[in-house]
Amino acid sequence: MKLLKSIAISFSLYSKIPMPVFEWDEENYRHAIAFLPLVGSVISVLSYLAALFCRNYELPVFVAAGFLTMVPLLVTGGFHFDGFMDVQDALHSYQPREKKLEIMKDPHIGAFAVISAGGFFLIWLSSVYMIVFKAFEGDGSSALLSALGIYPLIRALCGLSSILFPHAKNEGMLSVETGKSGKLDICILLVQGILAAAFMIWMSVLCGILSLIAALLFTAFYRHLCLKNFDGVTGDTAGFFVSCAEACILFVIAVLCMIL
C-alpha cells in the first residue's frame with residue numbers, strides 16, 4: 001500500500017494525471033522519485049496510440065508529428081520544460097553561482113529562455129517529423145517504436161542522477177524528493193531504466209544501442225555542466241536534463257532514419 005501511495009504521489013508531482021487525494025506523509029513521499037519512469041511509460045503508450053490514430057486515419061505526417069510533440073507536454077503540463085527554460089536563463093547570464101541559482105528561482109522568464117525554447121522545439125519537431133515520416137512512408141516503424149522508449153529511460157536516468165549526483169543546495173524541491181531515497185529507490189530506477197533500454201534495443205538494435213550511448217554521454221555531460229555552474233543538481237536542472245536528453249535521443253534516431 002505504501003508503494004501504491006508513492007506511485008500516486010509520483011504521478012501527482014510529475015504529471016497532470018488526476019490521482020486519489022490523501023495525506024502525503026514522509027514515508028509515502030520518500031519513494032516518489034523512484035516511480036518517475038512510470039510517468040514516462042504513460043507518455044510512451046499515449047504517444048503510440050496517437051501515432052496509431054494518425055496512421056489509421058491517414059493524417060499528414062506533420063500533423064502526426066505535432067500530436068506526438070504535444071503528448072509529453074499535455075501529460076506533464078510542461079513540468080520539465082519549465083526547468084529547461086530556467087536553466088537557460090541562468091547559464092546565459094554568465095553570473096556567479098549564487099546569482100545563477102537566484103535566476104533559476106525567479107518565476108519570470110528572460111529572452112534567452114524564449115530563444116532557447118524556440119530552438120528546442122524546432123529541433124524536437126523536426127526530429128519527430130523525420131521519425132514519423134520514416135514510419136508512415138517507409139519501413140521505419142521499428143525506429144518509431146524504439147523512440148517511444150526514451151520517456152521511461154530518460155526519467156530513470158533523471159531519478160538516478162537526482163539521487164546520486166551532488167546537490168547544489170540542501171533545501172528545495174529536489175532535496176525534499178530525494179532526501180530519504182536509498183538503495184531500494186536506486187534499484188527500482190535501475191530496473192525500469194534497463195527495461196526501457198531493452199525495449200528500445202528489441203524494437204531496433206541500432207537505434208536502441210546508439211540511443212543508450214547518447215543518453216549515457218549526455219548524463220555525463222549534464223553532471224559536468226551542473227558541477228561547473230551550480231556545484232550540483234537542482235529541481236530545475238533535472239527538468240533541463242529530461243528535456244534535453246529526450247531531444248538528443250530523438251535527434252540521433254532521426255539522423256539514423258535519414259541515413260538508413
Side-chain angles (χ1 to χ4, degrees), residues 1-47 71-84 86 104 148-200 212 215-216 218-219 222-223 226 230 232-246:
M1 182 59 71
K2 289 180 179 179
L3 287 181
L4 290 177
K5 288 184 177 180
S6 292
I7 292 172
I9 292 174
S10 184
F11 274 87
S12 297
L13 283 171
Y14 307 121
S15 79
K16 289 294 184 180
I17 300 172
M19 286 288 122
V21 178
F22 56 89
E23 184 179 356
W24 291 15
D25 59 35
E26 185 176 289
E27 189 63 27
N28 297 329
Y29 198 95
R30 65 184 299 179
H31 299 299
I33 197 168
F35 298 103
L36 174 58
L38 291 183
V39 178
S41 298
V42 171
I43 296 173
S44 298
V45 172
L46 293 177
S47 296
V71 169
L73 288 175
L74 292 175
V75 173
T76 64
F79 177 79
H80 301 293
F81 197 69
D82 176 69
F84 167 82
D86 288 338
M104 287 196 293
L148 296 180
I150 69 171
Y151 301 111
L153 173 64
I154 294 305
R155 281 161 176 78
L157 290 174
C158 177
L160 289 169
S161 63
S162 297
I163 295 172
L164 298 174
F165 290 178
H167 288 189
K169 48 189 179 180
N170 294 323
E171 72 281 354
M173 185 174 178
L174 189 67
S175 294
V176 173
E177 293 170 28
T178 61
K180 298 294 183 179
S181 298
K183 293 181 180 178
L184 175 61
D185 305 285
I186 293 172
C187 289
I188 293 173
L189 287 164
L190 277 173
V191 168
Q192 293 176 95
I194 291 170
L195 289 174
F199 170 81
M200 295 178 71
L212 181 58
L216 294 176
F218 186 83
T219 303
Y222 165 71
R223 185 180 189 277
C226 290
F230 312 113
V233 298
T234 70
D236 284 322
T237 65
F240 168 86
F241 173 81
V242 171
S243 300
C244 290
E246 289 177 350

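For the single chain, residues carry numbers from 1 onward in sequence order. Below, each value reflects all heavy atoms present in this structure, side chains not excepted, and no hydrogens, waters or symmetry copies. These figures come from a predicted structure and were not determined experimentally.
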Pairs where residues 11-21 contributes a residue and the test salt bridge (charged side-chain N to carboxylate O under 4.0 Å, His left out) is met, not counting sequence neighbours
none
Less than 4.5 Å apart, any side-chain heavy atom of S10 and any of M19?
no
I'd like to check the ring-ring contact (aromatic ring centres under 6.0 Å, His included) partners of F230; sequence neighbours left out, ordered by chain and number.
none
Please report the interatomic distance CZ(F240) to CG(D82), rounded to the nearest 0.5 Å.
14.0 Å
CD1-OG distance between I163 and S181, expressed to the nearest 0.5 angstrom
4.0 Å
Return the OG1 to CG distance between T178 and L164, rounded to the nearest 0.5 Å.
10.0 Å
Is it the case that the side chain of Q192 and the backbone of A34 share a donor-acceptor pair, with hydrogens and angles ignored and the cut-off at 3.5 Å?
yes
Backbone of C158 reached by a side-chain donor or acceptor of S161 within 3.5 Å:
yes
Do any N or O atoms from the side chain of S44 and from the backbone of L148 form a donor-acceptor pair under 3.5 angstrom?
yes
Are Y222 and T237 linked by a side-chain donor-acceptor pair shorter than 3.5 Å?
yes
Answer yes or no: is there a side-chain heavy-atom contact under 4.5 Å between F84 and C244?
yes
What salt bridge (charged side-chain N to carboxylate O under 4.0 Å, His left out) pairs are there with at least one residue in residues 153-169, not counting sequence neighbours?
R155-E246
Considering residues at least two apart in sequence or located in another chain, which fulfil the ring-ring contact (aromatic ring centres under 6.0 Å, His included) criterion with F218?
F221, F241
Could you check if a side-chain atom of T219 sits within less than 4.5 angstrom of a side-chain atom of F165, using non-hydrogen atoms only?
yes
The reported gap from CG in L73 to CZ in F79 (rounded to nearest 0.5 angstrom) is 13.5 Å
Intermediate values then yes/no, side-chain contact (heavy atoms from CB on, under 4.5 Å), M200 and L212
CA-CA 9 Å; M200 295 178 71; L212 181 58; over 6 Å; no
Under the 3.5 angstrom rule, does the side chain of S15 hit a backbone N or O of F11 as a donor-acceptor pair?
yes
Testing L189, L36, L157, I33 one by one against S162 for a side chain to side chain contact (heavy atoms under 4.5 Å, CB included), which residue passes?
I33
For the residue pair H167 and V233, establish whether any side-chain heavy-atom pair is separated by less than 4.5 Å.
yes
Apply side chain to side chain donor-acceptor pair (under 3.5 Å) to D185 and list each qualifying residue two or more places apart in sequence or on a separate chain.
H31
Which residue pairs pass the side chain to side chain donor-acceptor pair (under 3.5 Å) test when at least one of the two sits in residues 71-80, sequence neighbours left out?
none
